Amino acid sequence: MQLQVQSLKRKLVIVALLTTTLTLIFSSIAFTWLEYYLTRQDSERQLTTLGSMMARHSAHEIKAGHIDDLQETIRSLSAHGDILSGCIYDISNHLLISYLRDGPSSAESCPLEGHPDSNDPRQWVFPIQYNKNVIGTLTIQATNDSLNKRLQQFGAFSIVISALALLLGFFASSRLKELILRPLHDLYATLKRIAQDKDYSIRATRETDDELGALVDLFNSLLHTIESEHAALKENEARFRKLATFSPVGIFQVDTQQTLQYVNQRWREIHQMHGDLPELERWFGCIAPADLDSLRDAWQRLTTYQESIAMDLRLLHRDSTQTWIHLMASSLNDRDGEVIGYLGAISDISELKSAQLQMENLAFYDALTGLANRRLFKNRLAKSIKSAQRTRSTLALMFLDMDQFKRINDSMGHDAGDLLLQEVARRLSNCVRDRDTVSRIGGDEFTILLTDVNHTSDVLTVAEKLLEALSRPIRIKGQDITTSVSIGITLTPQDSSDPNTLMKNADLAMYRAKELGRNNVQFFSEDMNRSILEHLSWEQEINDALTANQFTLAYQPKISLRDYHTTGVEALIRWHHPEKGFVSPDRFIPVAEETGQILAIGRWVLERSCTEMRALLQSGALPENARIAVNLSARQFAAPDLETVISQVLQESGLSPSNLELEITESTLMLDVESAIATMASLQAIGVRFAIDDFGTGYSSLAYLKRLPIEVLKVDRSFVLDIPDDTNDMAITAAVIAMAHKLGIIVVAEGVESEDQVNFLRNNLCDEGQGYLFSRPLTLQQLQLFLREAQTATLK
Ligand SMILES: Nc1nc2c(ncn2[C@@H]2O[C@H](COP(=O)(O)O[C@H]3[C@@H](O)[C@H](n4cnc5c(=O)[nH]c(N)nc54)O[C@@H]3COP(=O)(O)O)[C@@H](O)[C@H]2O)c(=O)[nH]1
């Protein structure tokens, strides 16, 4: 800036001097030339006049022959300093008389005598006339001496004048500089000081009354405005700072780089944070993990779309305590709308929250036991029903009523009654999972909501646990009190999906339990009651059957429909109950599946079938590529140790994996296709083959079928059953066979009972058949006989 001011000064001086110099040069040249021209003209006029006068005068003297007088006349030319020579000639141009300024020896001579005119002086020739007759000639030669002298004098004068003018110009420009630039410089210096000191009270001094003075006035008035606004701004800021400092609300400011710029005292108090301002991330780190995602989400929306924040959050302190805060934040924008930061406020709403919680507690919780009240229970029941409908899961609603509570309450007083209810509530809560809801819906009535019920037997287990928990004596006021409850149970979706109906169902079931002699559990539906009880007894009996070796295996041959040879056998479990007789696998396998007993049963079936198959193969009863097909239930298939179990069984029995075929139903495979593919692939890798059982009864997803490593597909017997009467079933069976062949899968038709069915299956190129037509499931001995007879028949 300084540099520019100096350059302005220099420019001003240079321009002034240059202008003056050029003006002087041009005017000097012009005046000199004019002077020269005029002086020369004047000198020539004088010499012409002198020559004319002398010629006229000489005429008389020549005529009169007065040569002496002529001499006198010509000598008068000496009065004129510039005349070099004057010569008078007669008519014949003979020199009569002459005047030579520098004497006869000078270089000058009379021109008509033919002397060279070396210096080229100016020359005039005048005829001398007498009575209009030319009687002679006068010549005059003159130098430019006086002209030159005059020019020299003029030049010297001009130089002196120019020098004076230049001096004057320099002086004038310095003065000008002083007059214009100094006020400008002062103005500049003032501005610089203001900028440096931020002191808007400084004023520039007005020194002139001209435009510069007006500029200073304008500048000062501008300063005045800025000073006032600055003061107002400072006042506002001071007010804000004071407000912020003493504010009961925590205030914070974040810049666009996401750095905390300012927090007030209250903000620090709420956060229990002192020292340097934390990074925004560290601040976020103080927020309870449960609220962090929503805060990040809101902050993202604030910084991206300038959406203001207003939310409740929990702040975690180092001492593990927490503070509820209400956070509000919005963007700060400049005049052009550009975001320049974010301003926010937080207030401690812990007390508000706890009051709210208390209110909620009053509204939703039982003040005596702290359990959910009827309102909250019904609320949760409705929500759980919806969620169970979505996830296709089962809920159980239990209605509990304390037996003899009124008697205890009346005899021991209400205090004791309250203590009893509190203890009952505690014991009930201890018997269920956290996600289940226990509530006291009034007096001595409790309800329990069990979510995600896997098996109905589990509900009974919980109910029995509750009965047991409450059967233990409760010590109140030094007295052991024995109490019991009657429990009514209803299930959704089985009984109803309406909350009120379910409450009514459970209530009714509870009354039935009371009628049946208290300390009792009853399910709402009779069927359910029966089936649950049956279920429980089956569970026990299966355990007994396993230990008492009541299970056996039957084998049903699979026959090639091309040449009717036995390709393998399917192992089917049989249970000969000591009292009930033959129990169908359809009856006990689902129970074993529910209780998990299927794992033990399944292992037994695998071990027995593999061992017996190995013996059959070794005896040559079956061809060496024959396979034993073993059914795997869903739970078995999903067991993480399936591969280990199969490998162990194969190793122990000595059966080659290539002689083992595992049958899995379509529905089992579809439970989790990806993991089914992985399980099958790992077993296939050791040489075990897979068959898909009951094909057509489940999802029949051909898309999945392509992805599953299946080698055998068993068409469900429900399709074979009505061949040749049901054209639909026939079309489906034919299509399934064709499709499976396209995928390179062997097809086995189940439940083949007639020749017509065989003909149809053969016509449609079905590979194998299994059914009563060929053989019912056989004992090992029967199978051996069957195979022997088949071999004999083939030989014949
Ligand atoms: N997880 C296990 N499941 C097993 C095991 N053993 C049997 N089962 C499954 O139980 C269901 C009933 O089996 P079962 O009563 O043994 O019936 C089988 C055959 O007897 C019957 N069958 C065979 N041919 C015919 C016929 O021509 N007509 C007719 N009405 N029924 C016939 O079909 C049953 C075999 O079916 P599948 O297994 O689909 O090939 C049954 O689902 C068995 O799978 C076991 O050890 N583990």
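None of the values given here were measured: they were computed from a predicted structure. Numbering of ligands and ligand atoms starts at 1, following listing order.
- Salt bridge absent: Arg433 and Asp452 never bring a charged side-chain N and a carboxylate O closer than 4.0 Å.
- Under 4.0 Å is where a charged nitrogen must lie from a carboxylate oxygen, and between Glu468 and Lys465 no such pair does.
- Within 4.0 Å of ligand 1, heavy atoms belong to protein residues Gln556, Glu570, Leu572, Ile573, Arg574, Pro585, Asp586, Ile589, Val605, Asn631, Ser633, Glu663, Asp693, Asp694, Lys714, Arg717, Glu750, Gly751, Val752, Glu753, Gly771, Tyr772, Pro777.
- Below 30°, between 30° and 60°, or above 60°: for His577 and Trp538 the angle between ring planes is above 60°, a perpendicular geometry.
- Ion pair Glu652/Arg614 not flagged as a salt bridge, since none of the NZ, NE, NH1 or NH2 atoms sits closer than 4.0 Å to an Asp/Glu carboxylate oxygen.
- Taken from CZ in Phe524 to NZ in Lys504, the straight-line distance is 9.5 Å, to the nearest 0.5 Å.
- Using modelled atom types, one side-chain atom of Gln757 and one backbone atom of Leu721 make a donor-acceptor pair closer than 3.5 Å.
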